[in-house]
Amino acid sequence: MKLALAQICTLEAPFETDVADYAAGACPAIELWLGKLETYLASHSVADVRRLLDEHNLAAPVAAYQGGLLVSQGEARREHWDHFRRRLPILAELGAETLIVAADVAGSLDQQALERLQASLVEAAQLAGQHRLRLALEFQARSVFCNNLQTAAALIYDVGSPHLGICLDLFHFQVGPSKLTDLAELDPAVLFHVQLCDLAGHARELATDGDRVLPGDGDFPLEPVISQLRALDYQGYVSVELMNPVVWRVPPLSFGEIGMTALRKVLGLASME
């Protein structure tokens with residue numbers, strides 16, 4: 001497994017500070033937060049971003065996230081898809097491998113909406129493949145559909161594209177209806193990315209993204225999940241992803257060190273350094 005930190009963890013810091021300070025904290029790779037990247041690109045070129053990453057020897061293999069693709073309609077759908085099409089060549093130029101796509105299905109879901117969702121996945125995967133990118137579908141625990149690993153996997157298998165796989169976000173895995181046996185039955189070839197976090201002192205039914213804490217600092221049973229990832233021989237990236245406003249105020253240099261230490265510890269890598 002390869003290690004990364006997600007930029008969303010230090011949302012209030014500038015893009016270039018994340019890059020420099022995460023690298024200084026011995027972080028080898030960064031999960032790009034597209035909002036930050038696009039703010040930086042308002043006054044810099046994609047080549048500038050590439051040079052910044054290269055200067056700090058930092059990989060940017062994964063980007064988060066693209067929403068609104070699956071069941072949106074009308075003008076909103078056009079805007080989301082136009083945004084998606086603009087992002088693909090930028091990520092390709094930066095050497096990214098994977099773009100996370102949210103299964104943000106809200107409201108009621110009828111047969112027509114389900115067919116739109118499946119067609120959207122097919123089209124999105126085809127577009128990503130044209131740029132040599134992969135899409136990692138992230139099931140959402142609060143979504144009305146695709147709120148668990150089993151359903152996400154079924155959708156991926158139905159599409160059958162090498163450019164479409166799964167993002168396993170531990171928060172959504174633990175607070176939603178997913179089960180550990182779902183992970184055990186997963187074809188490792190479709191697991192494209194893993195995001196870790198934890199939850200402390202909150203009922204899972206009431207937990208929000210803002211309650212996320214560092215993996216190992218909460219109540220999630222992490223070891224069975226990590227053990228299953230090893231059993232699957234997962235070779236992709238594992239990132240720490242937090243949307244906690246308290247954590248956002250931690251300086252990126254401090255978070256880079258703390259986040260990498262927590263990630264190595266839960267993956268059993270700390271003693272190997």
Side-chain angles (χ1 to χ4, degrees), residues 1-11 13 15 17-19 21-37 53 56-67 91 94-102 133-141 149 152 165-174 183 188 190-199 209-218 220 222 225-226 228-230 232 234-244 247-248 250 252-270:
M1 287 179 267
K2 296 176 283 189
L3 312 186
L5 296 177
Q7 275 191 297
I8 185 64
C9 297
T10 49
L11 185 63
F15 181 90
T17 302
D18 286 345
V19 171
D21 288 357
Y22 282 17
C27 174
I30 193 169
E31 180 186 303
L32 296 167
W33 184 251
L34 287 170
K36 276 196 178 190
L37 173 63
L53 293 168
H56 294 282
N57 196 29
L58 193 67
V62 182
Y65 68 93
Q66 177 66 52
L91 293 175
L94 291 177
E97 303 166 1
T98 304
L99 170 60
I100 297 168
V101 173
L133 288 165
R134 309 183 306 174
L135 301 182
L137 181 65
E138 181 182 285
F139 58 91
Q140 308 276 298
L149 177 56
I166 291 172
C167 172
L168 174 65
D169 182 322
L170 193 66
F171 178 84
H172 294 295
F173 183 81
Q174 294 286 3
L183 185 55
V190 302
L191 183 56
F192 285 1
H193 187 54
V194 175
Q195 296 169 323
L196 297 184
C197 68
D198 217 325
L199 183 68
D209 280 321
D211 298 319
R212 298 182 186 218
V213 296
L214 284 167
D217 283 356
F220 283 164
L222 296 174
V225 175
I226 301 303
Q228 192 57 55
L229 291 175
R230 292 196 189 98
L232 292 172
Y234 175 66
Q235 298 293 318
Y237 278 92
V238 178
S239 68
V240 173
E241 189 200 45
L242 311 178
M243 289 89 156
N244 189 320
V247 177
W248 287 345
V250 176
L253 182 58
S254 298
F255 181 80
E257 296 171 348
I258 295 168
M260 287 304 298
T261 298
L263 190 53
R264 292 190 187 101
K265 184 177 180 180
V266 299
L267 293 179
L269 301 177

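Note that these values count all heavy atoms, side chains included, but never hydrogens, waters or copies made by symmetry. Only a predicted model underlies this, so the values are computations on that prediction, with no experimental measurement involved. Here, residue 1 is the first one in the sequence, and each next residue gets the next number.
- Residues Pro188 and Leu232 share a closest heavy-atom pair of CB-O, 3.4 Å.
- Between Leu242 and Cys197, the closest heavy-atom pair is CD2-CB, 3.7 Å.
- In this structure Tyr65 satisfies the ring pair (Phe, Tyr, Trp, His ring centres under 6.0 Å) test together with Trp33, sequence neighbours excluded.
- Checking side-chain atoms of Asp198 against main-chain N and O of Phe220 turns up a donor-acceptor pair under 3.5 Å.
- Closest non-hydrogen pair, Phe192 versus Ala136, comes out as CB-CB, 4.0 Å.
- Every residue two or more places apart in sequence or in another chain that forms a side chain to side chain donor-acceptor pair (under 3.5 Å) with Gln140 is listed here: Glu138.
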Please list, one pair per line, the donor and acceptor atoms closer than 3.5 Å that link side chains of residues 22-31 to other protein atoms, with sequence neighbours excluded.
| from | atom 1 | to | atom 2 | distance (Å) |
| --- | --- | --- | --- | --- |
| Tyr22 | OH | Ala6 | O | 3.4 |
| Tyr22 | OH | Thr10 | OG1 | 2.7 |
| Glu31 | OE1 | His193 | NE2 | 2.9 |
| Glu31 | OE1 | Gln195 | NE2 | 3.4 |
| Glu31 | OE1 | Ser239 | OG | 2.6 |
| Glu31 | OE2 | Gln195 | NE2 | 2.9 |

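- Rounding to the nearest 0.5 Å places CD1 of Ile258 at 9.5 Å from CG of Leu253.
- Taking Asp209 as the reference, Arg212 meet the side chain to side chain donor-acceptor pair (under 3.5 Å) condition, with sequence neighbours excluded.
- Under the 4.5 Å side-chain criterion, counting only non-hydrogen atoms from C-beta, Phe255 is in contact with Val240.
- Residues satisfying the side-chain contact (heavy atoms from CB on, under 4.5 Å) test with Val238, not counting sequence neighbours, are Met1, Val194, Leu196, Tyr234, Leu263, Leu267.
- Considering every non-hydrogen atom in both Cys9 and Trp248, the closest pair reads O-CD1, 3.4 Å.
- Shown here for Leu11 and Lys36, the closest heavy-atom pair between the two residues is O-CE, 3.2 Å.
- Atom CD of residue Gln174 and atom CG of residue Asp169 lie 10.5 Å apart, to the nearest 0.5 angstrom.
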Step by step, would you call Leu214 with Val266 a side chain to side chain contact (heavy atoms under 4.5 Å, CB included)?
CA-CA 10 Å; Leu214 284 167; Val266 299; over 6 Å; no
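- Legend: residues meeting ring pair (Phe, Tyr, Trp, His ring centres under 6.0 Å) with Phe15, ordered by chain and number and at least two apart, are Tyr40.
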Determine whether Leu5 and Asp18 satisfy the following criterion, side chain to side chain contact (heavy atoms under 4.5 Å, CB included), listing intermediate values before the conclusion.
CA-CA 10 Å; Leu5 296 177; Asp18 286 345; over 6 Å; no
Leu34 vs Leu99, side chain to side chain contact (heavy atoms under 4.5 Å, CB included): CA-CA, chis, key distance, verdict:
CA-CA 10 Å; Leu34 287 170; Leu99 170 60; 3.7 Å; yes
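- The closest side-chain heavy-atom distance from Leu91 to Leu32 is below 4.5 Å.
- The two residues Arg264 and Leu3 come nearest to each other via the heavy atoms CG-CD1, 3.8 Å.
- Atom CG of Leu222 is separated from atom CG of Leu229 by 10.5 Å, given to the nearest 0.5 angstrom.
- Within the 4.5 Å cutoff, the side chain of Leu135 has no heavy atoms near those of the Gln66 side chain.
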